[in-house]
Enquirer: 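Please see the structure below; I have some questions.
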Amino acid sequence: AQTIHQWPVAEIKAVGSPLSLGCTIKGKSSPNLYWYWQATGGTLQQLFYSITVGQVESVVQLNLSASRPKDDQFILSTEKLLLSHSGFYLCAWSLNWGDDTQYFGPGTRLLVL
Amino acid sequence: QQQVRQSPQSLTVWEGETAILNCSYEDSTFNYFPWYQQFPGEGPALLISISSVSDKKEDGRFTIFFNKREKKLSLHITDSQPGDSATYFCAASENTNTGKLTFGDGTVLTVKP
(Lines give C-alpha, C1' and ligand atoms only; values in the text may rest on other atoms or scores of the structure.)
Protein backbone atom coordinates (compact mmCIF):
# COMPACT_ATOMS: atom_id res chain seq x y z
CA ALA A 1 0.00 0.00 0.00
CA GLN A 2 1.15 3.50 -0.80
CA THR A 3 1.81 5.90 2.03
CA ILE A 4 2.49 9.60 1.87
CA HIS A 5 4.34 11.50 4.57
CA GLN A 6 4.75 15.25 4.92
CA TRP A 7 7.11 17.13 7.18
CA PRO A 8 7.03 19.10 9.33
CA VAL A 9 3.49 18.78 10.65
CA ALA A 10 3.41 22.50 11.44
CA GLU A 11 5.70 25.51 11.32
CA ILE A 12 5.67 29.02 12.70
CA LYS A 13 8.09 31.24 10.79
CA ALA A 14 9.00 34.90 10.59
CA VAL A 15 8.43 37.04 7.51
CA GLY A 16 11.57 37.04 5.41
CA SER A 17 12.85 33.73 6.72
CA PRO A 18 13.48 30.68 4.49
CA LEU A 19 11.22 27.64 4.29
CA SER A 20 11.52 24.05 3.25
CA LEU A 21 8.64 21.56 3.31
CA GLY A 22 8.98 17.93 2.37
CA CYS A 23 6.87 15.11 1.03
CA THR A 24 7.76 11.43 0.64
CA ILE A 25 5.81 8.70 -1.13
CA LYS A 26 6.40 5.07 -0.25
CA GLY A 27 5.10 2.01 -2.03
CA LYS A 28 4.88 3.44 -5.52
CA SER A 29 7.65 3.97 -8.02
CA SER A 30 7.66 6.99 -10.33
CA PRO A 31 4.51 8.63 -9.01
CA ASN A 32 3.27 11.94 -10.33
CA LEU A 33 3.58 14.46 -7.52
CA TYR A 34 1.77 17.71 -6.78
CA TRP A 35 1.91 20.59 -4.29
CA TYR A 36 -1.26 22.39 -3.27
CA TRP A 37 -1.91 25.41 -1.06
CA GLN A 38 -5.08 25.91 0.95
CA ALA A 39 -5.96 29.09 2.80
CA THR A 40 -7.83 28.60 6.06
CA GLY A 41 -11.40 27.75 5.17
CA GLY A 42 -10.57 28.01 1.48
CA THR A 43 -10.26 25.93 -1.62
CA LEU A 44 -7.22 24.05 -2.90
CA GLN A 45 -4.87 25.70 -5.36
CA GLN A 46 -2.42 23.56 -7.27
CA LEU A 47 1.09 25.07 -7.16
CA PHE A 48 3.47 22.59 -8.84
CA TYR A 49 3.48 19.20 -10.44
CA SER A 50 6.22 16.74 -11.30
CA ILE A 51 6.14 13.63 -13.45
CA THR A 52 9.75 12.58 -12.99
CA VAL A 53 12.91 13.20 -11.00
CA GLY A 54 14.42 16.59 -11.66
CA GLN A 55 11.43 17.89 -13.59
CA VAL A 56 8.97 20.33 -11.99
CA GLU A 57 6.34 22.51 -13.62
CA SER A 58 4.86 25.60 -11.99
CA VAL A 59 1.11 26.14 -12.11
CA VAL A 60 0.88 29.46 -10.24
CA GLN A 61 3.46 31.98 -9.12
CA LEU A 62 3.49 32.50 -5.37
CA ASN A 63 7.20 33.23 -4.81
CA LEU A 64 7.73 29.56 -4.07
CA SER A 65 9.82 26.91 -5.76
CA ALA A 66 9.72 23.14 -5.85
CA SER A 67 12.20 20.40 -6.55
CA ARG A 68 12.16 16.66 -6.96
CA PRO A 69 15.58 15.37 -5.91
CA LYS A 70 14.51 11.73 -5.69
CA ASP A 71 11.80 9.60 -7.25
CA ASP A 72 9.89 9.47 -3.97
CA GLN A 73 10.58 12.98 -2.68
CA PHE A 74 9.09 16.40 -3.42
CA ILE A 75 10.33 19.59 -1.77
CA LEU A 76 8.64 23.00 -1.56
CA SER A 77 10.77 25.96 -0.58
CA THR A 78 11.34 29.68 -0.59
CA GLU A 79 14.21 31.89 0.49
CA LYS A 80 11.97 34.63 1.84
CA LEU A 81 8.56 34.05 3.37
CA LEU A 82 5.66 36.46 3.00
CA LEU A 83 2.64 36.83 5.27
CA SER A 84 0.52 35.55 2.36
CA HIS A 85 2.34 32.22 2.48
CA SER A 86 0.45 31.23 5.60
CA GLY A 87 -1.90 28.31 5.08
CA PHE A 88 -2.06 24.58 4.67
CA TYR A 89 0.33 22.91 2.23
CA LEU A 90 -0.68 19.59 0.78
CA CYS A 91 1.31 17.11 -1.23
CA ALA A 92 -0.56 14.74 -3.53
CA TRP A 93 0.29 11.87 -5.85
CA SER A 94 -1.30 10.03 -8.72
CA LEU A 95 -0.54 6.70 -10.31
CA ASN A 96 0.10 7.50 -13.94
CA TRP A 97 0.44 10.53 -16.07
CA GLY A 98 -3.06 11.52 -17.10
CA ASP A 99 -4.62 9.53 -14.29
CA ASP A 100 -6.82 12.12 -12.74
CA THR A 101 -7.21 10.48 -9.35
CA GLN A 102 -5.01 12.27 -6.86
CA TYR A 103 -4.38 11.22 -3.27
CA PHE A 104 -3.43 13.74 -0.65
CA GLY A 105 -1.03 13.68 2.24
CA PRO A 106 -1.79 14.88 5.78
CA GLY A 107 -0.54 18.41 5.09
CA THR A 108 1.74 20.95 6.77
CA ARG A 109 0.26 23.92 8.59
CA LEU A 110 2.32 27.08 8.10
CA LEU A 111 1.90 30.32 10.00
CA VAL A 112 4.00 33.29 8.97
CA LEU A 113 4.26 36.13 11.46
CA GLN B 1 -14.13 33.35 -13.72
CA GLN B 2 -14.54 30.51 -11.30
CA GLN B 3 -14.46 27.22 -13.16
CA VAL B 4 -16.10 25.04 -10.51
CA ARG B 5 -18.85 26.29 -8.25
CA GLN B 6 -20.38 24.62 -5.23
CA SER B 7 -23.57 25.30 -3.33
CA PRO B 8 -24.63 25.72 -0.67
CA GLN B 9 -21.62 27.13 1.12
CA SER B 10 -22.80 25.39 4.27
CA LEU B 11 -25.49 22.83 4.98
CA THR B 12 -26.97 21.47 8.19
CA VAL B 13 -29.06 18.30 8.28
CA TRP B 14 -30.33 16.01 11.00
CA GLU B 15 -28.97 12.55 11.49
CA GLY B 16 -30.72 10.13 9.14
CA GLU B 17 -31.63 12.77 6.56
CA THR B 18 -30.27 13.02 3.02
CA ALA B 19 -27.75 15.79 2.40
CA ILE B 20 -27.56 17.16 -1.15
CA LEU B 21 -24.45 19.04 -2.22
CA ASN B 22 -24.36 20.76 -5.58
CA CYS B 23 -21.59 21.44 -8.05
CA SER B 24 -21.52 23.12 -11.47
CA TYR B 25 -18.75 23.82 -13.92
CA GLU B 26 -17.99 26.05 -16.87
CA ASP B 27 -15.50 24.24 -19.04
CA SER B 28 -17.04 21.62 -21.33
CA THR B 29 -13.66 19.88 -21.60
CA PHE B 30 -13.92 18.72 -17.97
CA ASN B 31 -14.65 15.02 -18.03
CA TYR B 32 -13.66 13.63 -14.63
CA PHE B 33 -15.16 14.76 -11.34
CA PRO B 34 -13.84 13.53 -8.00
CA TRP B 35 -15.38 14.53 -4.69
CA TYR B 36 -13.14 14.90 -1.67
CA GLN B 37 -14.01 14.88 2.01
CA GLN B 38 -11.86 16.94 4.36
CA PHE B 39 -11.91 16.99 8.15
CA PRO B 40 -10.33 19.94 10.01
CA GLY B 41 -6.55 19.73 10.11
CA GLU B 42 -6.38 16.82 7.68
CA GLY B 43 -5.69 16.38 4.00
CA PRO B 44 -8.65 15.78 1.67
CA ALA B 45 -9.62 12.17 1.10
CA LEU B 46 -11.11 10.90 -2.13
CA LEU B 47 -14.73 10.01 -1.46
CA ILE B 48 -16.23 9.11 -4.82
CA SER B 49 -15.69 10.10 -8.44
CA ILE B 50 -17.49 10.02 -11.76
CA SER B 51 -16.52 10.40 -15.40
CA SER B 52 -18.60 12.22 -17.95
CA VAL B 53 -19.66 8.99 -19.68
CA SER B 54 -21.83 8.11 -16.66
CA ASP B 55 -24.84 9.88 -15.22
CA LYS B 56 -24.77 8.18 -11.84
CA LYS B 57 -22.21 6.67 -9.51
CA GLU B 58 -23.07 5.00 -6.25
CA ASP B 59 -20.87 3.89 -3.36
CA GLY B 60 -22.72 2.93 -0.23
CA ARG B 61 -24.49 5.98 1.17
CA PHE B 62 -22.81 8.30 -1.34
CA THR B 63 -24.22 8.88 -4.84
CA ILE B 64 -23.19 11.29 -7.56
CA PHE B 65 -25.76 12.42 -10.10
CA PHE B 66 -24.30 13.98 -13.25
CA ASN B 67 -26.07 16.09 -15.88
CA LYS B 68 -23.63 16.72 -18.70
CA ARG B 69 -25.98 18.91 -20.70
CA GLU B 70 -26.48 21.31 -17.82
CA LYS B 71 -22.90 20.92 -16.54
CA LYS B 72 -24.13 20.06 -13.08
CA LEU B 73 -23.41 17.41 -10.50
CA SER B 74 -24.80 16.64 -7.09
CA LEU B 75 -23.56 14.49 -4.25
CA HIS B 76 -26.28 12.79 -2.22
CA ILE B 77 -25.43 11.47 1.22
CA THR B 78 -28.23 9.28 2.48
CA ASP B 79 -28.78 8.40 6.14
CA SER B 80 -26.39 11.17 7.16
CA GLN B 81 -24.33 10.53 10.28
CA PRO B 82 -22.60 12.99 12.62
CA GLY B 83 -19.30 11.50 11.44
CA ASP B 84 -20.09 12.81 7.95
CA SER B 85 -19.66 16.37 9.24
CA ALA B 86 -16.82 17.73 7.12
CA THR B 87 -16.04 19.97 4.16
CA TYR B 88 -16.79 18.44 0.77
CA PHE B 89 -14.96 19.58 -2.33
CA CYS B 90 -16.06 18.99 -5.88
CA ALA B 91 -13.17 18.95 -8.34
CA ALA B 92 -12.91 18.73 -12.11
CA SER B 93 -10.24 17.55 -14.46
CA GLU B 94 -9.57 18.85 -17.95
CA ASN B 95 -7.92 15.58 -18.90
CA THR B 96 -5.30 17.38 -20.97
CA ASN B 97 -2.34 15.43 -19.55
CA THR B 98 -1.44 18.19 -17.11
CA GLY B 99 -2.69 16.46 -13.97
CA LYS B 100 -4.52 19.67 -13.15
CA LEU B 101 -7.48 19.45 -10.81
CA THR B 102 -9.71 22.49 -10.37
CA PHE B 103 -11.49 22.61 -7.03
CA GLY B 104 -14.66 24.31 -5.98
CA ASP B 105 -14.83 26.36 -2.78
CA GLY B 106 -16.34 23.50 -0.81
CA THR B 107 -19.51 22.87 1.16
CA VAL B 108 -19.32 22.61 4.94
CA LEU B 109 -21.71 19.89 6.05
CA THR B 110 -22.90 19.62 9.63
CA VAL B 111 -24.97 16.63 10.68
CA LYS B 112 -26.80 17.12 13.95
CA PRO B 113 -27.58 14.09 16.12
Side-chain angles (χ1 to χ4, degrees), chain A residues 2-10 21 23-25 30-52 55-60 66 68 74 87-111, chain B residues 1-10 21 23-25 27 29-54 57 59 64 73 86-110:
Chain A
Q2 297 85 8
T3 59
I4 179 169
H5 175 61
Q6 289 189 240
W7 74 90
V9 172
L21 305 180
C23 171
T24 298
I25 314 296
S30 303
N32 304 318
L33 298 175
Y34 312 87
W35 276 113
Y36 284 81
W37 174 78
Q38 183 179 31
T40 301
T43 188
L44 288 86
Q45 172 66 62
Q46 194 178 81
L47 302 177
F48 299 93
Y49 65 89
S50 171
I51 61 172
T52 191
Q55 183 179 359
V56 177
E57 298 296 328
S58 173
V59 178
V60 295
R68 188 168 177 178
F74 207 17
F88 199 36
Y89 288 85
L90 293 149
C91 180
W93 65 274
S94 64
L95 287 173
N96 297 293
W97 188 240
D99 184 324
D100 301 314
T101 302
Q102 295 183 20
Y103 303 91
F104 287 83
T108 294
R109 177 73 60 187
L110 174 66
L111 177 61
Chain B
Q1 185 181 13
Q2 191 167 8
Q3 295 274 14
V4 178
R5 297 184 179 183
Q6 291 187 245
S7 65
Q9 189 173 9
S10 63
L21 289 67
C23 178
S24 64
Y25 61 98
D27 195 335
T29 63
F30 287 152
N31 60 9
Y32 172 70
F33 305 90
W35 285 80
Y36 287 87
Q37 179 189 57
Q38 186 178 31
F39 296 105
E42 298 182 9
L46 180 67
L47 185 65
I48 186 173
S49 63
I50 193 168
S51 68
S52 60
V53 298
S54 302
K57 178 77 173 292
D59 185 358
I64 300 174
L73 307 88
T87 300
Y88 292 81
F89 289 98
C90 171
S93 171
E94 300 169 356
N95 197 31
T96 54
N97 257 4
T98 62
K100 181 172 175 58
L101 272 182
T102 301
F103 283 80
D105 287 341
T107 293
V108 179
L109 174 66
T110 301

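Everything quoted here is computed from the prediction, not taken from an experiment. For the numbers below, each heavy atom of this structure counts, side chains included, while hydrogens, waters and symmetry mates do not. Every chain is numbered from 1, with letters handed out A, B, ... down the list of sequences.
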Enquirer: For Gln6(A), which atoms come within 4.5 Å of any heavy atom of chain B: side chain, backbone, both, or neither?
Expert: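 For Gln6(A), no heavy atom lies under 4.5 Å from chain B.
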
Enquirer: Just give me the residue among Ser51(B), Gly41(B), Pro44(B) that pairs up with chain A most often, heavy atom to heavy atom, under 4.5 Å.
Expert: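 The answer is Pro44(B).
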
Enquirer: Mark yes or no for whether Thr107(B), through its side chain, and Gln9(B), through its backbone, hold a donor-acceptor pair below 3.5 Å.
Expert: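 No.
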
Enquirer: Nearest 0.5 Å please: distance from the CG atom of Leu21(B) over to the CD1 atom of Ile64(B).
Expert: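 Output value for this atom pair is 11.0 Å.
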
Enquirer: For atom CD of Gln55(A), decide whether the heavy atoms of other residues, nucleotides or ligands shown that lie under 6.0 angstrom number more than 12.
Expert: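 Yes, CD of Gln55(A) has more than 12 neighbouring heavy atoms, counting only those of other groups under 6.0 Å.
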
Enquirer: Taking side chain as everything from C-beta outward and backbone as N, CA, C, O, which of these in Leu90(A) sits under 4.5 Å from a heavy atom of chain B? Side chain, backbone, both or neither.
Expert: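 The answer is the side chain of Leu90(A).
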
Enquirer: Would you mind checking which part of Leu46(B) comes under 4.5 Å of any heavy atom in chain A, side chain (CB onward), backbone (N, CA, C, O), both or neither?
Expert: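 For Leu46(B), the side chain is the part near chain A, not the backbone.
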
Enquirer: Answer yes or no: is there a donor N or O on one side and an acceptor on the other, between the side chain of Lys57(B) and the main chain of Ile50(B), under 3.5 Å?
Expert: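 Looks like no, no N/O pair under 3.5 Å.
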
